[in-house]
Amino acid sequence: METNQPTKVTVQAVIQAPVEKVWRYWTEPAHITKWNQASEDWHAPRAENDLQVGGKFLTRMEAKDGSMGFDFAGVYDVVNRHEAIGYALGDERRVDIAFVDQGNETKVIETFDADSSHPVEFQQAGWQAIMDNFKAYTEQN
């Protein structure tokens, strides 16, 4: 019997910063636009974030050459300050993020439902690249 459950994919990083800073850099639009891209030829020119249960977020992601772009958007159903964020994307896939306070460092664990139109390994690599950008940006600023 097939259940058609989406494949869960996890990416993570340990950021050398306290959870308060990590949370702020993850959730504030002024910071989101600085790190939310998977490669140097992409950028996030705009971000909006209503960080509360029922609140919506949107990050515009575009190729720097203008050849393509998309809105990454969803609605929050979990917001536990400095601990967890959960949301549903427009296509109803789930994303859950845990922020694990480890003193002067914070472990961020993000689990998402893979979409069915791209290889899982490709999606994991892209989301991990964004996570790695977040780590580098947060530690350097």
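Cluster partners of V14, using a side-chain heavy-atom cutoff of under 4.5 Å among ILVMFWY residues and allowing indirect links: none.
Between the OG1 atom of T7 and the CD atom of Q124 there is a distance of 11.0 Å, given to the nearest 0.5 Å. Of the inter-residue distances, the one linking K56 atom NZ with L51 atom CG reads 15.5 Å to the nearest 0.5 angstrom. Here the OG1-CZ distance, from T33 to R46, works out to 11.5 Å after rounding to the nearest 0.5 Å. In this structure, CD in Q16 is found 9.0 Å from CD in Q102, a value given to the nearest 0.5 Å. The structure places CD of E139 at 8.5 Å from NZ of K21, a figure rounded to the nearest 0.5 Å. One distance of note links CE of M61 with CE of M68; it measures 13.0 Å at 0.5 Å rounding.
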>> Is there a side chain to side chain contact (heavy atoms under 4.5 Å, CB included) between R94 and D77? Walk through the geometry before answering.
In response: CA-CA 10 Å; R94 282 245 16 109; D77 54 20; 2.5 Å; yes

>> For V79 and Y87: C-alpha separation, side-chain torsions, deciding distance, then whether side chain to side chain contact (heavy atoms under 4.5 Å, CB included) applies.
In response: CA-CA 9 Å; V79 177; Y87 56 84; over 6 Å; no

> I15 and W26: side chain to side chain contact (heavy atoms under 4.5 Å, CB included), yes or no, with the steps?
Replying inline: CA-CA 11 Å; I15 291 78; W26 188 274; over 6 Å; no

> Do H82 and W23 pass the side chain to side chain contact (heavy atoms under 4.5 Å, CB included) test, and can you show the C-alpha distance, the side-chain angles, and the key distance before you say yes or no?
Replying inline: CA-CA 6 Å; H82 300 162; W23 181 268; 3.5 Å; yes

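Among all heavy-atom pairs drawn from G126 and A38, the shortest one is O-CB, 3.8 Å. Contact between A13 and K135 at its shortest, heavy atoms only, is CB-CD, 4.2 Å. Here the closest non-hydrogen pair linking G86 and D96 is CA-OD1, 3.6 Å. Residues Y137 and K34 come closest through the heavy atom pair CE1-CB, 3.4 Å. Between A47 and P29, the shortest heavy-atom distance links the atoms O-CB, 3.4 Å. Between V22 and F134 the shortest heavy-atom distance is O-CZ, 3.5 Å.
For the pair E62 (side chain) and H43 (backbone), a donor-acceptor distance under 3.5 Å is absent. T106 contributes a side-chain N or O that, together with a main-chain N or O of A17, makes up a donor-acceptor pair within less than 3.5 Å. Side chain of W35 to backbone of Y25: a donor-acceptor contact under 3.5 angstrom is found. With hydrogens and angles disregarded, no donor-acceptor distance shorter than 3.5 Å links the side chain of N36 to the backbone of I32.
Residues M131 and W42 are members of one and the same hydrophobic cluster, defined by side-chain heavy-atom contacts under 4.5 angstrom among Ile, Leu, Val, Met, Phe, Trp and Tyr. Both V120 and V11 sit in one connected hydrophobic cluster of ILVMFWY residues. Membership requires side-chain heavy atoms under 4.5 Å apart, directly or through other members.
Aromatic ring pairs are classed by plane angle as parallel below 30°, tilted from 30° to 60° and perpendicular above 60°; the pair F57 and F72 is tilted.
Within the 4.5 Å cutoff, no side-chain heavy atoms of D65 are placed close to those of D41.
By the 6.0 Å contact criterion, CZ on F70 is enclosed, its count of non-hydrogen atoms from other residues, nucleotides or ligands being greater than 12. Heavy-atom contacts from other residues, nucleotides or ligands closer than 6.0 Å to NZ of K64 number more than 12. Heavy atoms from other residues, nucleotides or ligands lying under 6.0 Å from CG of N104 number 12 at most. In the displayed structure, Q52 atom CD is contacted under 6.0 Å by more than 12 heavy atoms of other residues, nucleotides or ligands.
A side-chain N or O of N49 and one of Y76 form a donor-acceptor pair less than 3.5 Å apart.
For residues 97-121, the salt bridge (charged side-chain N to carboxylate O under 4.0 Å, His left out) pairs, not counting sequence neighbours, are K8-D113.
Residues passing the side-chain contact (heavy atoms from CB on, under 4.5 Å) test with D91, sequence neighbours excluded: L89, R93.
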